[in-house]
Amino acid sequence: MEKEDKKGTLYIVATPIGNLEDITLRAINVLKEVDLIAAEDTRHTLKLLNHLEISKPLISYHRHNEEIKSDILIEKLQEGKEIALVSDAGTPGICDPGEEIIKKCIDLEINIVPIPGACAMINSLICSGIDTKEFTFLGFLPLNKKLRKSKLDEIEKSKKTIIIYEAPHKIETTLKDLKQILNSERKITLAREITKIHEEFIRGNIDDLIEKSQGIKGEIVLVIEGNADISEENELTKLSIEEHYKYYENLGLSKKEIIKKIAKDRNVNKNEVYQKFI
Ligand code: SAM
């Protein structure tokens, strides 16, 4: 048998984000059949496994041991073991550990199989009533002042829907920060405790949300409408000048027209742009 055939498979298994019924038949079968389950918090996953009447060896794989544990797991996969990776809730790799081992598996040509299921980001978006065609997921906003400011700037200028995760004890501060950058036209949906008893969607503008979310508890996702005031020209200035040129070139414009347009979009002198492309 080829050496490659002996390698095991890493299954990335989505688990419920609240309601324990939100697990697929395929996920249950995989959890039953693998040799080992790598879990973010083994005690947490044990509760799910007990509920599903599955008994399997568990190994912890969390943010603080990702580097070491991914090497151990890789070794086992190289030996031909089948492993399922789960997080505490939802889809591993989405604001949860997973990325590290997935990248290593790809480098080592170890097979990875997604087992789709719950994800708070997608379920908040689909019930938000906000444009689902194009969106940007920012995960948790950074706490570091400078990084946070840069993310808030991004939200302010985004034409696309923005999705962020937030912890209940930080939601008040986050909404106050958002108030600084969102105009009252922009819709925002706060999705709380999705799939759980207290599931709730609070919709409105930033002022409505601040008013309606006082003392709110539970797990939260914010879905923010894109900024309709951002014109396409503004978006284009985020590109490098070469990409900007390509954009118009693909539209079939002549060199002269492109240079004129770039100068206008970037608010620079035509000659300055011309110099770049002679
Ligand atoms: N991997 C998960 C997923 O697929 O959505 C996300 C894990 S991240 C560590 C936890 C954050 O996800 C929470 O702080 C909250 O923002 C969001 N979240 C998870 N479960 C949720 C739920 N039932 N309702 C609302 N938000 C939830």
Side-chain angles (χ1 to χ4, degrees), residues 8-18 20 22-23 27 30-31 34-50 56-78 81-108 110-124 136-148 150-151 154 162-171 173-174 191-196 217-222:
T9 296
L10 179 71
Y11 295 90
I12 315 297
V13 182
T15 57
I17 54 169
L20 289 182
D22 293 330
I23 185 153
V30 166
L31 293 174
V34 288
D35 299 299
L36 182 71
I37 299 173
E40 189 182 2
D41 179 342
T42 51
R43 284 166 308 174
H44 189 97
T45 299
L46 196 57
K47 284 185 202 152
L48 175 70
L49 295 181
N50 287 342
K56 274 290 149 182
L58 284 162
I59 180 167
S60 85
Y61 179 86
H62 51 71
R63 224 170 278 294
H64 306 293
N65 68 12
E66 234 179 318
E67 184 66 36
I68 301 168
K69 285 295 170 76
S70 56
D71 286 343
I72 296 172
L73 292 174
I74 291 285
E75 232 178 270
K76 293 188 185 295
L77 286 161
Q78 304 266 36
K81 294 270 188 287
E82 304 280 50
I83 300 178
L85 175 71
V86 299
S87 63
D88 284 354
T91 303
I94 303 296
C95 283
D96 270 344
E99 256 183 280
E100 186 75 31
I101 187 159
I102 290 166
K103 284 183 188 152
K104 282 187 183 167
C105 284
I106 293 167
D107 287 348
L108 296 164
I110 293 171
N111 197 25
I112 324 163
V113 175
I115 308 292
C119 181
M121 162 188 29
I122 294 299
N123 289 288
S124 57
T136 305
F137 175 60
L138 295 181
F140 291 95
L141 285 184
L143 295 179
N144 171 289
K145 265 195 177 166
K146 203 167 155 208
L147 297 177
R148 191 173 175 93
S150 134
K151 287 289 164 199
E154 187 177 341
I162 295 272
I163 309 172
I164 54 178
Y165 281 170
E166 197 45 285
H169 64 282
K170 295 194 193 127
I171 189 68
T173 312
T174 296
R192 182 173 84 92
E193 296 285 271
I194 304 168
T195 77
K196 303 186 198 176
K217 292 195 175 74
E219 300 204 86
I220 292 164
V221 184
L222 292 174

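Note that these values count all heavy atoms, side chains included, but never hydrogens, waters or copies made by symmetry. Quantities reported herein were computed from a predicted structural model and do not represent experimental measurements. All residue numbers refer to positions in the sequence shown, counting from 1.
Test Val86, Leu85, Val113, Val30 against Ile12 for side-chain contact (heavy atoms from CB on, under 4.5 Å) and you get one pass: Leu85.
In this structure a side-chain-to-backbone donor-acceptor pair under 3.5 Å is present from Asp88 to Asp41. Under the 3.5 Å distance criterion, the side-chain polar atoms of Tyr165 are matched with a main-chain donor or acceptor of Met121. With Asn65 contributing its side chain and His62 its backbone, the two residues share a donor-acceptor pair below 3.5 Å. Checking side-chain atoms of Arg192 against main-chain N and O of Ile220 turns up no donor-acceptor pair under 3.5 Å. One N or O on the side chain of Lys56 and one on the backbone of Val34 form a donor-acceptor pair closer than 3.5 Å. Side-chain N or O atoms of Glu99 include none that pairs as donor or acceptor with a backbone N or O of Gly93 at under 3.5 Å.
Considering only heavy atoms from C-beta on, Leu73 comes within 4.5 Å of Leu36 through its side chain. You'll find the side chain of Glu193 reaches within 4.5 Å of the side chain of Glu219, heavy atoms only.
At a threshold of 4.0 Å, the pair Glu100-Arg63 does not count as salt-bridged, since none of the basic side-chain nitrogens sits closer than that to a carboxylate oxygen.
Inspection of the Glu166 and Thr174 side chains reveals an N or O donor paired with an N or O acceptor under 3.5 Å. Between the side chains of Glu66 and Tyr61, at least one donor N or O sits under 3.5 Å from an acceptor N or O.
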